[in-house]
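Okay, so here's the structure we're looking at.
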Amino acid sequence: MKILALPGDGIGPEITDATLAVLDAVDQRLALGLQIERRAIGLAALGEHGTTLPGEVMSRIPEVDGVILGPVSHYDYPSREKGGINPSGELRVKFGLYANIRPCLSREDLSILRKPMDLVIVRENTEGFYSDRNMFAGTGEFMPDPDMAFSIRKITAKASRRVARTAFGIARSRRKKVTGVHKANVVKLSDGLFLREVRAVAADYPDVILDELIVDAAAAQLIRNPDRFDVIVTTNMFGDILSDEASELCGSLGLGGSINAGDDICVAQAQHGSAPDIQGKGIANPTSLVLSAAMLLDWHGRRCNDSLLLTAAALVEHAVDKVLSNPFTRTADLGGTLGTSEFSGQLINVIQSAAIE
């Protein structure tokens with residue numbers, strides 16, 4: 001399996017190093033034959049190539065089996081005309097990475113919830129309220145005068161239908177329930193179109209229950225009754241907000257894995273940002289990117305029917321569960337004392353010693 005690592009900005013290089021060390025350990029344990037290469041993106045690439053997303057990186061992505069994308073500081077980038085391209089949004093649109101898949105699993109003594117949470121949020125990834133990815137030309141935002149701004153929301157039947165199929169496919173292997181989250185009581189046309197396609201896909205999955213919930217209620221129910229959810233499917237911005245909320249309720253935004261998947265390309269990406277305030281201090285928690293990399297192994301393993309990759313993904317997840325279960329082997333943000341490399345070292349110890357079924 002060929003993996004392209006793009007470390008990104010802020011703490012990105014640090015948590016990417018930790019993640020690749022974990023992958024190296026599982027590769028040695030299971031003889032996966034992983035081939036990993038690195039390319040610069042973000043501010044490092046801007047200084048060298050004049051752009052935060054060099055063309056050679058974009059041309060390489062379809063040639064590999066998966067991508068690991070570190071967090072980026074796109075808010076600090078210059079305008080697109082001056083080379084400031086948001087790699088996260090650009091990859092999703094250019095390569096049709098229409099499904100952002102984010103599992104949310106509460107952990108004992110880290111979650112603030114009264115009831116356990118075990119759900120997956122499947123977020124449409126290429127359109128919606130994110131106007132920077134809605135236009136063939138232009139940004140999707142404009143100002144007719146200095147005191148008025150417009151932003152275009154785009155919802156298409158195609159994008160809604162394919163993300164719904166991803167959600168129902170996941171639900172079929174879990175507890176067989178999908179909740180379509182929307183705001184069709186206000187944005188009646190666009191969310192009405194989204195719901196029309198979700199319902200149409202539901203007809204192809206008679207063994208999976210479809211529930212529908214307004215986004216306001218969904219945000220509340222994640223706190224009050226998290227166990228009512230199995231798989232949530234929703235549009236871009238709603239999914240972004242709800243998945244961050246769910247991850248924090250589970251223990252931390254830094255504990256949730258995430259992949260951006262299309263039909264042929266998958267990008268593993270941490271749920272959190274680049275945290276420049278702790279850059280270089282060696283204290284960043286790499287869990288989110290590590291779990292995202294495990295999801296990437298699982299995604300490719302399922303596509304290629306490679307049971308060894310599925311075993312590798314499960315082994316990495318087991319290591320994370322075991323290390324996080326001990327308060328003394330957690331990073332500082334979770335009340336522990338370990339730094340980035342020490343935490344990844346604990347993961348590696350588990351990978352090297354764990355029994356493999």
Side-chain angles (χ1 to χ4, degrees), residues 2-23 36-97 100 102 125-126 130-133 139 236 240 244 253-254 256-262 265-293 295-296 333 340-341 344:
K2 296 179 181 179
I3 297 176
L4 178 63
L6 308 174
D9 304 311
I11 61 170
E14 299 164 63
I15 64 172
T16 299
D17 286 346
T19 298
L20 296 184
V22 170
L23 290 183
I36 298 175
E37 61 180 274
R38 298 178 187 233
R39 299 286 178 96
I41 60 166
L43 295 172
L46 182 65
E48 183 176 352
H49 301 283
T51 176
T52 56
L53 189 57
E56 63 181 30
V57 171
M58 294 295 283
S59 62
R60 183 59 177 150
I61 288 173
E63 300 173 344
V64 299
D65 299 310
V67 177
I68 294 175
L69 175 63
V72 294
S73 302
H74 60 88
Y75 191 73
D76 297 326
Y77 292 176
S79 66
R80 191 179 184 93
E81 293 73 23
K82 295 181 179 179
I85 301 172
N86 177 3
S88 179
E90 194 77 4
L91 265 58
R92 295 173 185 184
V93 173
K94 293 297 185 183
F95 297 114
L97 309 180
N100 180 212
R102 294 186 172 188
N125 222 10
T126 62
Y130 285 63
S131 55
D132 65 334
R133 57 208 68 172
T139 66
N236 204 341
D240 193 2
D244 281 4
L253 195 60
S258 173
I259 56 171
N260 304 289
I265 296 174
C266 183
V267 175
Q269 183 178 14
Q271 288 195 24
H272 55 75
S274 61
D277 55 317
I278 60 170
Q279 177 182 355
K281 296 182 179 180
I283 60 174
N285 183 347
T287 300
S288 183
L289 194 60
V290 169
L291 287 175
S292 301
M295 292 177 68
L296 176 62
D333 58 305
T340 310
S341 60
S344 62

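Here the structure is a predicted model, which is why all the values come from computation and not from measurement.
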Exercise. Who pairs with Glu63 by salt bridge (charged side-chain N to carboxylate O under 4.0 Å, His left out), at least two apart in sequence or on another chain?
Worked result: Arg60
For this session: Could you tell me which residues satisfy salt bridge (charged side-chain N to carboxylate O under 4.0 Å, His left out) with Asp17, sequence neighbours excluded, listed by chain and number?
Result: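 Counting only residues at least two positions away or on another chain, Asp17 forms a salt bridge (charged side-chain N to carboxylate O under 4.0 Å, His left out) with Arg38.
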All side-chain hydrogen bond (donor to acceptor under 3.5 Å, both in side chains) counterparts of [X], not counting sequence neighbours:
X: Thr16; answer: none
X: Asn236; answer: Arg123
X: Ser88; answer: Arg92, Gln269
X: Asp240; answer: Tyr130

Problem set entry | Short side-chain to backbone donor-acceptor contact, Asp65 and Ile3, under 3.5 Å | no
Can you sort out the partners of [X] under side-chain contact (heavy atoms from CB on, under 4.5 Å), two or more places apart, ordered by chain and number?
X: Asp333; value: Ser252, Asn285, Thr331
X: Leu253; value: Asp244, Ser247, Glu248, Gln271, His272
X: Ile278; value: Ile11, Ala275, Lys281, Ile283, Ala284
X: Ala268; value: Ile68, Ile259, Ser292, Leu296

Which atom of [X] lies closest to which atom of [Y], heavy atoms considered:
X: Arg39; Y: Leu4; result: CG-CD1, 3.5 Å
X: Gly262; Y: Leu97; result: N-CD2, 3.8 Å
X: Val93; Y: Thr126; result: CG2-O, 4.2 Å
X: Ala18; Y: Thr340; result: CB-CG2, 3.9 Å
X: Gly12; Y: Pro71; result: CA-CD, 3.7 Å
X: Val72; Y: Gly8; result: CG1-CA, 4.3 Å

Problem set entry | Test applied, side-chain hydrogen bond (donor to acceptor under 3.5 Å, both in side chains); reference residue, Tyr77; option that passes from Asn86, Asp9, Thr52 | Asp9
Exercise. Can you pull the salt bridge (charged side-chain N to carboxylate O under 4.0 Å, His left out) pairs that have at least one residue in residues 46-58, sequence neighbours excluded?
Worked result: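 As it turns out, there is no salt bridge (charged side-chain N to carboxylate O under 4.0 Å, His left out) pair with a partner in residues 46-58 once direct neighbours are skipped.
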Exercise. With a 4.5 Å limit on heavy-atom distance, are the side chains of Gln279 and Glu14 in contact?
Worked result: yes
Exercise. Between Pro286 and Val22, is any pair of side-chain heavy atoms under 4.5 Å apart?
Worked result: no
For this session: Apply the test side chain to side chain contact (heavy atoms under 4.5 Å, CB included) to residues Leu91 and Asn260: give CA-CA distance (whole Å), side-chain angles for both, the deciding distance (0.1 Å), then the verdict.
Result: CA-CA 9 Å; Leu91 265 58; Asn260 304 289; over 6 Å; no
Problem set entry | Distance (rounded to the nearest 0.5 Å) between Leu53 CG and Leu46 CG |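 That separation rounds to 11.5 Å.
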Problem set entry | Interatomic spacing from CD1 in Ile41 to NE2 in His74 - rounded to 0.5 Å |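 Going from CD1 on Ile41 over to NE2 on His74, the span is 11.5 Å.
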